[in-house]
Structure formats: structure tokens, C-alpha cells
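Heads up: the structure comes next, in C-alpha cells.
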Amino acid sequence: MINMTSALLAELQQRELTFQIAGEDKLPEWLNGGSRSLYCGFDPTADSLHIGSLVPLLMLRRFQLAGHRPIALVGGATGLIGDPSFKAQERQLNTPEVVESWVEKLRGQVSRFVDFDAGAQSAVVVNNLEWTRDLDVLTFLRDIGKHFSINTMIQKESVKQRIEREGSGISFTEFTYMILQSYDFAELYKRYDCGLQLGGSDQWGNITGGIDLTRRMHGGQVYGLTMPLITKSDGSKFGKTESGTIWLDAARTSPYSFYQFWLSVADSDAYRFLRYFTFLEVADIAEIERADAERSGRPEAQRILAEEVTRLVHGDAGLAAAKRITESLFSGEPEGLSEPDLEQLMLDGLPSSLLPDRGLPETLTQLLADAGLAASGKQIKDALQRDAVIINGSALGMADNGAVSAVFAADKALYGRFYLVRLGKKKYHLFARS
RNA sequence: GGAGGGGUUCCCGAGUGGCCAAAGGGAUCAGACUGUAAAUCUGACGCGCGAGCUUCGGUGGUUCGAAUCCACCUCCCUCCA
């Protein structure tokens, strides 16, 4: 166990998962000293986490695998305030009821990534509302606020642009966010002997604030470690696609879509992402890269990445469903699918809808836009003009736009009831007659 | 409370009476090339198949005509009190 621990930091560095470390000279020794408790916070800003939280979640697990105890903190209190770190604008407050319901959702999500049955290293999930709910203002100001220097706080990079930049601003509420998060660290130190906080690189200011507060309130030496911002080689933002954010909740982003997201990662990002998002050995990833480079044609990296991450987030069943759809649609002729195959695709989460017998829209542009294949009829129109709309194997053109009932005639349906519509190369939608 | 500056289509950002559905860039979508990749090239990019309809913080005016002018309201920023 001791050896595993010293190996851990080295491995994280190999994976490029460490960005900044507070107390770097003493952290290895501390980790080597036995099983330690560490935490990472997740604020409820929606009813699901998205893949931006995946790296920290997996980090908790990496530490647990190395013999430490992970504490996942769900920010029932901080979520009520809003973290201003590197945010361009003041955020809208959510109601306590909403935040509370989100907290419960996140609690369940977070729990899937760590082990609660690991003896002394069993994971813990806490809510910082536990120790802030009954904190009264005067106590807060006298016992906690007194330890913070405004001079230091306004120097923090994370709020600097909000303070200096014209056209924005920061409320007192958001400004005090750092104090609340700092207090979390001090409190976890007291309650769980928690000595390390993990977070994204944007959390550096909040983490060091917590380290200072823990020292001042309890005289304790604690540490901080941040992970780099995940970037894409083309400079666009990681984790967003045409259809929006990639969520961890299967109801928001289906395992199929999730799998597809990772499958379409650029070559230049794939090996780095394998190191960030999987538990594959660094050496094995290097071997995959070498093999891909020697072979011509399509690399294996994306497939492995998609499989590993989908399994981590959606389990074996989710991965199986995702692969089933992918293989059906992208290998060979999708129109050659059997009737049970098509039924299975609907169950597996391929976007699908029922086609009413009567009352169909007059144009394909409207019907397909309503089905969610594109954001507007304009985009369908563009696709129609380029022969990019394919229904049951035949391409349609603008001439078909007004002929909805002919296109969806009963005798054109697969097995008398299915229409598989493809828009462009990757977007599919299955219509079934009711 | 006072003075000044600002709020433009997803984002940044031009536009100061008609030539404006609104420059340019980014993002995004589609096509070609490919490997469901990148880069590159092409087209689209408020909504509508179309005629046309609805936009430039909000409301109401002036005008043949307003994102552009006027009044009031609202939100943000800076300085002063």
C-alpha cells in the first residue's frame, strides 16, 4: 500500500493529471504515511453532472485504489451561492428547493464512481449544508470571516476579471463563495481528518483559501492538488457538441450518444484522453499509440476510449447498448437490419418517435426538425438540397419536401412500420408507425 | 443621490435615419476529400418549402421610413457623494 501511494503521484504526473500542487514538497511524505482522507467538491448547478466532472470523479477513485479514503462533497450550501471563479458574469440564484433536489441527484451520480465497501478506505459522501445550515451570521463573520483578508481575496486571479473588467461586476454573495468553500475544507479536516482537496485548475484560489483557513482555525497542515483544464487540440471547448453538453445522466445523454462522443474525438486528443479518462496503464496507452501509428487507416484509440469511458459511466449494459446501435448503423447497410434489430434500437436509446397515422406535417423540413434531427427547417432544407437526407436507403431531394405522405407511405416502411432516417453522416432517427 | 459610458442575431464585435435580417471573426450544421478523425475547400447559419413574417434591453413617440432620433422605464460599468 505504501509503495502504491508513492507510485500514485508519479503516475498522475505521467498522465498529466496534476496542474498545481499546494505543499508539493511535503505531500508525497504525507501520502506515504498511511491511508489518508481527501475530498473533492461538486456543486449542484444542474440535475446532473457532465463530463467536465469526470476527471475529478475518476481522481477520487484513483486515490481510493491507491489506498486512500475519498470524500465526495456535494455542495448543497455552495450551490446556493454560486462560484464566481473565472465566470464572466454574476449567476442567477436557484431556489433552495431546486438546489436540494439537484443535490440528491448528484449524490447518486457521484456514488457510482467510488467504492463504499472498502473497509477503512470506504468512500463518504457529504453535503456542506450540514455544517452551514445553522451557522449564524455573527459567528460566521467573527469566527471565519476574521481569518480572511480582503486584500488577499481581491488579488485572486479567479475573481480579478470580475473586479477589474468593465461591463461585469461581482456581488458580495459570490465574493464570499471562497470563504464558504474554505470553511468546508477546515470542517472536513476537523471531522474526517481530511488533508487534501482536489479540484479543477479553476479551483486553485478556493483550495488555497481552505488551506490557509485550516491552518488558522485548527493549526493543521493540509494540501491541495488541481487538475488541468481539459482542452481540445483544435481549441474548441471540450465537452460540448452540436446537441449540447455531454451529461453523465443517461436520461440526458444516452449511452449511445455518450459512446459516439468519445468515438469522434480527434486523433490528436485521443491518447491524452485515454490517460485522463481511463484506468488503462500509461504504458499500455503508449503501446496503443505506437500500434496505431504503424498501421494505416483508422486508429483503435477512439474505440478503446469510447468503450472504457462508457463502461465507467454507464456500465456494461449501457456500453453493450451503445455498441449495438453503433455497429448496426455504421457497419454495413443499416437498411439490412432485421425487425427485432430495429425494435432493439428503440429500446437502446436510438432517437426515435411514433409516426401518427394522420395529421402529418405538410413538409419534411417541419417533420424532421420536430423530430430533432436539426435545429430548424432551414438545416433540413440545406441537407435536402445536398442529398443528405436518406430514408430507408434512398436519398431525398427538395422535390420530396411537400410529399410527406408519399415518402412515408405504408408500402415504403421496413417490415411495414419502420422508417430509418439519416441526416448527414451521423444523425439517425427511427420513425415507427403507430 | 450626482456625472458619464453601455445593453446588437449562440459568443465576440461592426453598424449612428433608407442600399440592414443587420459587416467581420468564432462556434455550429451540411457537402467534397477521408477513417463516423484532423486540415483544407464549398454552401448554410432569425423563422418559414414559398409568398412572407418577426428581430437590435423594455414601452411609447417622431418620421413615408428607426438598431440608428426623442421620452420614460430597466439592467450593467466607471467616477463622485
Side-chain angles (χ1 to χ4, degrees), chain A residues 84 87-92 161-171 174 231-246 256-274 288-289 291-307 310 322-323 325-334 350 360-390 395-407 421-429:
Chain A
K87 299 285 188 317
Q89 289 184 331
E90 182 85 9
R91 291 201 284 172
Q92 195 67 43
Q161 67 158 325
R162 287 282 288 282
I163 288 168
E164 290 174 355
R165 188 182 156 193
E166 198 166 327
S168 61
I170 184 166
S171 68
E174 281 195 13
T231 56
K232 293 209 298 186
S233 52
D234 65 3
S236 62
K237 197 170 178 182
F238 170 76
K240 301 272 186 189
T241 66
E242 68 283 0
S243 41
T245 306
I246 305 295
Y256 161 70
S257 305
F258 189 84
Y259 180 86
Q260 285 285 323
F261 169 80
W262 295 103
L263 200 60
S264 61
V265 157
D267 291 7
S268 47
D269 292 324
Y271 307 97
R272 199 158 46 92
F273 287 1
L274 279 169
I288 294 168
E289 184 164 11
D292 278 344
E294 282 174 10
R295 204 172 340 100
S296 62
R298 189 170 188 179
E300 287 289 287
Q302 283 91 338
R303 201 204 81 238
I304 295 168
L305 177 68
E307 287 180 1
T310 306
K323 290 193 73 169
I325 300 180
T326 296
E327 278 158 23
S328 304
L329 299 181
F330 292 97
S331 61
E333 288 296 305
L350 180 74
L360 283 176
E362 290 186 9
T363 55
L364 284 173
T365 47
Q366 193 184 341
L367 177 69
L368 301 183
D370 287 351
L373 271 165
S376 72
K378 275 267 170 68
Q379 291 183 8
I380 304 284
K381 181 185 160 194
D382 180 51
L384 280 170
Q385 285 167 343
R386 289 161 172 268
D387 292 328
V389 176
I390 292 154
L396 303 180
M398 266 311 275
D400 299 302
N401 190 33
V404 175
S405 51
V407 169
V421 180
R422 192 178 104 204
L423 185 139
K425 276 182 209 157
K426 309 185 199 179
K427 285 191 243 178
Y428 284 92
H429 192 96

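In the text below, chain A, chain B and the rest are named by the order of the sequence lines, each starting its count at 1.
Across all their heavy atoms, A:A374 and A:I380 have their closest contact at CB-CD1, 3.7 Å. Residues A:A371 and A:H429 approach most closely at O-CE1, 3.3 Å, considering heavy atoms. Closest of all the heavy-atom pairs between A:V404 and A:P361 is CG2-O, 3.5 Å. Minimum heavy-atom separation, A:V389 to A:A383: CG2-CB, 3.8 Å. Counting all heavy atoms, side chain and backbone alike, A:Y271 lies closest to A:D292 at OH-OD2, 2.7 Å.
On the P atoms, B:U55 is 13 Å away from B:U68, given to the nearest whole Å. B:A32 and B:G46 are spaced 28 Å apart, taking the C1' atom of each and rounding to whole Å. B:U16 and B:C69 are spaced 9 Å apart, taking the P atom of each and rounding to whole Å. Rounded to whole Å, the C1' atom of B:U59 lies 28 Å from the corresponding atom of B:C11. Spacing between B:C49 and B:A39 at atom C1', rounded to whole Å, works out to 35 Å. Taking the C1' atoms as reference points, B:G6 lies 35 Å from B:G52, given to the whole Å. As rounded to the nearest Å, B:G50 and B:G5 have C1' atoms that lie 45 Å from one another. Taking atom C1' on both nucleotides, B:C19 is separated from B:U36 by 45 Å, rounded to a whole Å.
A donor-acceptor contact shorter than 3.5 Å is absent between the side chain of A:T310 and the backbone of A:E307. Using a distance-only test at 3.5 Å, with no hydrogens or angles considered, no donor-acceptor pair links the side chain of A:R298 to the main chain of A:E300.
Spacing between atom CG of A:L373 and atom P of B:A30 amounts to 10 Å, rounded to whole angstrom units. Following rounding to the nearest Å, A:K427 (NZ) and B:U28 (P) show an atom-to-atom distance of 12 Å. The CG atom of A:L368 sits 17 Å away from the P atom of B:C29 (whole-angstrom rounding). In this structure, the CD atom of A:Q366 is 14 Å from the C1' atom of B:G50, given to the nearest Å. If you measure from atom CD1 of A:I380 to atom P of B:A30, you get 10 Å, rounded to the nearest angstrom. Distance CE (A:M398) to C1' (B:G31): 16 Å, rounded to an integer number of Å. Distance OH (A:Y428) to P (B:A30): 12 Å, rounded to an integer number of Å. We find that CG of A:D400 is positioned 15 Å from P of B:C49, with the value rounded to whole Å.
Positionally, the nearest nucleotide of RNA chain B for A:G424 lies more toward the 5' end than for the other of A:A369 and A:G424.
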Give each protein N/O atom lying under 3.5 Å from an N/O atom of nucleotides 36-40 of chain B, with the pair distance.
{"residue": "B:U36", "atom": "O2", "partner": "A:Q260", "partner atom": "OE1", "Å": "2.9"}
{"residue": "B:U36", "atom": "N3", "partner": "A:Q260", "partner atom": "OE1", "Å": "3.0"}
{"residue": "B:U36", "atom": "N3", "partner": "A:Q260", "partner atom": "NE2", "Å": "3.3"}
{"residue": "B:U36", "atom": "O4", "partner": "A:Q260", "partner atom": "NE2", "Å": "3.4"}
{"residue": "B:A37", "atom": "OP1", "partner": "A:K426", "partner atom": "NZ", "Å": "3.3"}

Using a cutoff of under 3.5 Å, can you pull out all pairs of nitrogen or oxygen atoms linking the protein to nucleotides 8-11 of chain B, with atom names and distances?
none

Quick test: give all pairs of protein nitrogen or oxygen and nucleotides 43-46 of chain B nitrogen or oxygen below 3.5 Å, distance rounded to 0.1 Å.
{"residue": "B:G43", "atom": "O4'", "partner": "A:R386", "partner atom": "NH2", "Å": "3.3"}
{"residue": "B:G43", "atom": "N2", "partner": "A:D382", "partner atom": "OD2", "Å": "2.9"}

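One distance of note links CG of A:D269 with OG1 of A:T231; it measures 7.0 Å at 0.5 Å rounding. Taken to the nearest 0.5 Å, the CZ atom of A:R303 stands 6.0 Å off from the NZ atom of A:K323. Here A:K425 contributes atom NZ and A:I390 contributes atom CD1; the two are 11.5 Å apart, rounded to the nearest 0.5 Å. Atom CG of A:L384 is separated from atom OG1 of A:T363 by 9.5 Å, given to the nearest 0.5 angstrom.
Remark: RNA chain B forms stems of 3 or more consecutive Watson-Crick or G-U wobble pairs, all pair distances under 3.5 Å, at B:1-7 with B:74-80, B:10-12 with B:24-26, B:28-32 with B:40-44, B:57-61 with B:69-73.
A:G402 comes within 4.0 angstrom of no nucleic acid atom, judged by non-hydrogen atoms across all strands. Counting non-hydrogen atoms under 4.0 angstrom, A:L423 reaches the backbone sugars and phosphates but no base.
Among residues two or more places apart in sequence or in another chain, the salt bridge (Lys or Arg N to Asp or Glu O under 4.0 Å) test is passed with A:D400 by none. Residues passing the salt bridge (Lys or Arg N to Asp or Glu O under 4.0 Å) test with A:K381, sequence neighbours excluded: none.
The aromatic rings of A:Y428 and A:F330 sit perpendicular, their planes meeting at an angle over 60°, well past the 30° parallel limit.
Contact check for A:L274 versus A:I304: side-chain heavy atoms found under the 4.5 Å cut-off.
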